[in-house]
Trainee: 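Once you've had a glance at the structure underneath, I'll fire off some questions.
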Amino acid sequence: MRSLSGGLILLGCTALFAQDVRPVFDAVSIRPVTPPVGPILPGSRPVCPANGCGGPGTGSPERITFTFSSLRNLIRTAYDVRSSHHMESPAWMGSVYFDIVANVPAGASRDQANLMLQNLLADRFQLKVHRSTRELPVYALVVARNGPKLKVADDDPNAPKPRGTLWSGGRKKFEFNSWTMGRFARTLESDVDRPVIDMTGLEGAYDIRLEFAETRSGFGPPDLGPPDPNAPELFTALTEQLGLRLESRRGPVDVLIVDSALRQPTEN
């Protein structure tokens, strides 16, 4: 391993998938960075989503790119931790950032790429983790008193395609087709302060449309503006629009616990 200018570190290796060989990326660059302050301006460098750009299952299956990604986010991606409620880590891991470009062996799956990222973090950051089940405060997603107001998915090929998660005028909107209640509960975790467990008892898949005020500071696009005072808050919107509600309880939560890691990667 040799260091290049600007803190670029390259790792070359061959990835094999035999059971007795640890899967690794073909090549990796890791560069410490300082995240931008304020909105990303037009014409500036692109910023990838939290789980990276490219990789298996995308139009660029043999390259994964992370931009301005904290060490905490890299760990969450590697171990497929669906929200911050399911991971315990030192606070500093959210304040050290890296750009990473990794070449993925041809034919690798997303699960194999995640395992490669786990091995990269273990090798270069000396990451050590373990899993545990904790009894924690949770929200149970349940059916409201007057029953559900959900549209059963019909897989109509002529139906308008859902747009996913949208922000507009201080509001947040969900448009999802053919989603189970379990998947919807996991999505709600990003909008509340604790894990969400599906306890609706509703089987099958549904087309979901939900609109509510975005009340969390720092979430959504930089120009989102203040919450729309005429939009309902999430808890109210769930009941009024979907016939569901979130109920405070305690329950078992699977948690990834970070034992230790280096602040900066070692050279290989």
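Basis for what follows: all heavy atoms, side chains included, without hydrogens, waters or symmetry-related copies. All residue numbers in this chain count up from 1 along the given sequence. Keep in mind that this is a model prediction, so the values were computed, not measured.
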Trainee: Do any pairs count as a side chain to side chain donor-acceptor pair (under 3.5 Å) and have a residue in residues 201-210, sequence neighbours left out, and if so which ones?
Mentor: K151-D207, N177-R209
Trainee: Quick one: does any side-chain atom of E214 pair with a main-chain N or O of K172 as donor and acceptor, under 3.5 Å?
Mentor: no
Trainee: Which atom names give the shortest non-hydrogen contact between V196 and V192, and what distance separates them?
Mentor: CG2-CG2, 3.7 Å
Trainee: Might you point out which heavy atoms bring S248 and Y139 nearest each other, and give the distance in Å?
Mentor: OG-CE2, 3.4 Å
Trainee: With no hydrogens and no angle check, is any side-chain donor or acceptor of R124 less than 3.5 Å from a backbone partner on T266?
Mentor: yes
Trainee: Excluding sequence neighbours, so at least two apart, what forms side-chain hydrogen bond (donor to acceptor under 3.5 Å, both in side chains) with D254?
Mentor: T133
Trainee: What's the shortest heavy-atom distance between Y97 and G94, and which atoms?
Mentor: OH-O, 3.0 Å
Trainee: Sequence neighbours excluded, which residues qualify as salt bridge (charged side-chain N to carboxylate O under 4.0 Å, His left out) partners of R245?
Mentor: E247
Trainee: Test: salt bridge (Lys or Arg N to Asp or Glu O under 4.0 Å). Region: residues 134-143. Which pairs qualify, not counting sequence neighbours?
Mentor: E88-R134
Trainee: Who passes salt bridge (charged side-chain N to carboxylate O under 4.0 Å, His left out) against E240, sequence neighbours left out?
Mentor: none
Trainee: Determine, stepwise, if the pair F235 / F212 fulfils ring-ring contact (aromatic ring centres under 6.0 Å, His included).
Mentor: CA-CA 9 Å; F235 287 75; F212 55 96; 9.9 Å; no
Trainee: Would you find more than 12 non-hydrogen atoms of other residues, nucleotides or ligands less than 6.0 Å from N146 atom CG?
Mentor: no
Trainee: Any side-chain to backbone donor/acceptor pair from T239 onto L244? Under 3.5 Å, distance only.
Mentor: yes
Trainee: Just to verify, what does E62 make a salt bridge (charged side-chain N to carboxylate O under 4.0 Å, His left out) with, not counting sequence neighbours?
Mentor: none
Trainee: Please confirm whether the backbone N or O of P23 pairs with a side-chain atom of N119, one donor and one acceptor, at under 3.5 Å?
Mentor: yes
